[in-house]
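The structure appears right after this line, and notes come after that.
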Amino acid sequence: MAARAVLCLAGAALSLYALHVERAHARDPSYRAACDLGPAVSCTRVFASRWGRGLGLVEALLGRDSVANVPNGAIGVVFYLLQGLLGAVPGRGAAAVLLGTSVTSAVASLWLAGVLAFGLHDFCLVCITTYLLNLLLLALNWRRWRRLHHLKTA
């Protein structure tokens, strides 16, 4: 339970920071975040890119101004809140939702890591850290699912 709380708090904090960076850069294009360490290590550039909203997919499908084209940081805040709150709920239903959303976040993390490496040619410290947090939550949720599944069959 403590591990989940730490992971979710860290993820929510990083997601809120991503939202801050995106908004600050939108107000002032010369804004540079603390995580901008060089031309190829820039979270500001990543968050301000089309890939920083809707996983880079919503704009292509529904348009830039679509209500569904929300910042990835906002998606992250909702995800980490869901993980934190549902993590305290016992039972197989909560475990299934936790595992399903974790698998989805892991797939999204792999997608965005590929975009970082091969599309943007960038190394975003905040992004990579959230991908790691997502994989750790996936491991926790998988372990919980297996434990509950084992109890069911035992």
Side-chain angles (χ1 to χ4, degrees), residues 1-89 94-144:
M1 190 71 134
R4 176 181 307 279
V6 169
L7 294 173
C8 290
L9 284 173
L14 288 172
S15 296
L16 289 169
Y17 182 69
L19 286 170
H20 163 73
V21 170
E22 182 191 3
R23 288 194 176 121
H25 184 267
R27 282 190 303 270
D28 176 9
S30 67
Y31 174 83
R32 294 294 170 250
C35 50
D36 291 352
L37 304 178
V41 182
S42 171
C43 58
T44 302
R45 190 168 75 89
V46 173
F47 300 149
S49 76
R50 75 170 256 218
W51 304 101
R53 294 181 148 265
L55 306 176
L57 301 172
V58 174
E59 181 177 332
L61 297 172
L62 302 175
R64 180 182 199 135
D65 297 327
S66 169
V67 69
N69 197 26
V70 299
N72 294 347
I75 297 168
V77 169
V78 171
F79 170 73
Y80 293 115
L81 285 174
L82 175 72
Q83 287 285 311
L85 294 173
L86 266 182
V89 176
V97 171
L98 286 167
L99 184 58
T101 55
S102 274
V103 168
T104 303
S105 78
V107 170
S109 294
L110 289 172
W111 164 254
L112 291 172
V115 167
L116 272 180
F118 304 113
L120 296 173
H121 305 287
D122 202 318
F123 187 85
C124 170
L125 295 170
V126 171
C127 302
I128 299 298
T129 304
T130 60
Y131 305 159
L132 176 62
L133 294 173
N134 292 346
L135 291 175
L136 291 171
L137 281 168
L138 176 61
L140 280 178
N141 291 325
W142 175 253
R143 191 174 81 196
R144 177 178 172 168

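Remember, predicted model here, so these are calculated numbers, not experimental data.
By the 4.5 Å heavy-atom criterion applied to side chains, Leu99 and Leu138 are counted as neighbours. When side chains are defined from C-beta on, Val78 does not count as touching Leu81, because their heavy atoms never get closer than 4.5 Å. Inter-residue side-chain proximity for Leu9 and Val6 is flagged as unmet; no heavy-atom pair is nearer than 4.5 Å. By the 4.5 Å heavy-atom criterion applied to side chains, Val46 and Cys127 are counted as neighbours. Put simply, the side chain of Ser105 does not reach to within 4.5 Å of the side chain of Tyr131, judged on heavy atoms. The closest side-chain heavy-atom distance from Ser102 to Trp142 is not below 4.5 Å. At least one side-chain heavy atom of Leu137 sits under 4.5 Å from a side-chain heavy atom of Cys8. Using a 4.5 Å cut-off on side-chain heavy atoms (C-beta onward), Arg4 and Leu98 make contact.
Closest approach of Ala94 to Arg144, counting heavy atoms only: CB-NH2, 3.9 Å. Taking all atoms of both residues into account, the shortest heavy-atom contact from Leu125 to Thr129 is O-OG1, 2.7 Å. Across all their heavy atoms, Leu19 and Pro71 have their closest contact at CD2-CB, 3.5 Å. Between Val126 and Cys43, the shortest heavy-atom distance links the atoms CG2-SG, 4.5 Å. Across Ala33 and Thr44, no two heavy atoms sit closer than the pair N-OG1, 3.2 Å.
For the atom pair Leu112 CG and Thr130 OG1, the distance stands at 8.0 Å (nearest 0.5 Å). Distance NE2/His25 to CZ/Arg32: 5.0 Å, rounded to 0.5 Å. Between the CG atom of Leu57 and the CG atom of Leu62 there is a distance of 10.0 Å, given to the nearest 0.5 Å. Taken to the nearest 0.5 Å, the OG1 atom of Thr104 stands 11.5 Å off from the CD1 atom of Ile75. Within the model, atoms CG of Leu120 and CZ of Arg45 stand 5.5 Å from one another, a figure rounded to the nearest 0.5 Å.
Between the side chains of Ser66 and Glu59, no donor-acceptor pair of N or O atoms lies under 3.5 Å. Asn134 and Tyr80 form a side-chain donor-acceptor contact under 3.5 Å, judged by distance and modelled atom types alone. With hydrogens and angles left out, the side-chain atoms of Asn72 and Glu22 include no donor and acceptor closer than 3.5 Å.
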Exercise for the section: Might you work through the side-chain contact (heavy atoms from CB on, under 4.5 Å) test for Phe79 and Thr101, ending with a clear yes or no? Expected result: CA-CA 8 Å; Phe79 170 73; Thr101 55; 4.1 Å; yes
Practice task
Begin from the C-alpha positions of Tyr31 and Val21 and carry the test side-chain contact (heavy atoms from CB on, under 4.5 Å) through to its verdict.
Solution key: CA-CA 8 Å; Tyr31 174 83; Val21 170; 4.1 Å; yes
Exercise for the section: Could you check Val58 against Val70 for side-chain contact (heavy atoms from CB on, under 4.5 Å), going step by step and ending with a plain yes or no? Expected result: CA-CA 9 Å; Val58 174; Val70 299; over 6 Å; no
Handout entry: Worked check of side-chain contact (heavy atoms from CB on, under 4.5 Å) between Cys124 and Phe47
Key = CA-CA 9 Å; Cys124 170; Phe47 300 149; 4.0 Å; yes
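Side-chain N or O atoms of Asp122 include none that pairs as donor or acceptor with a backbone N or O of Ala117 at under 3.5 Å.
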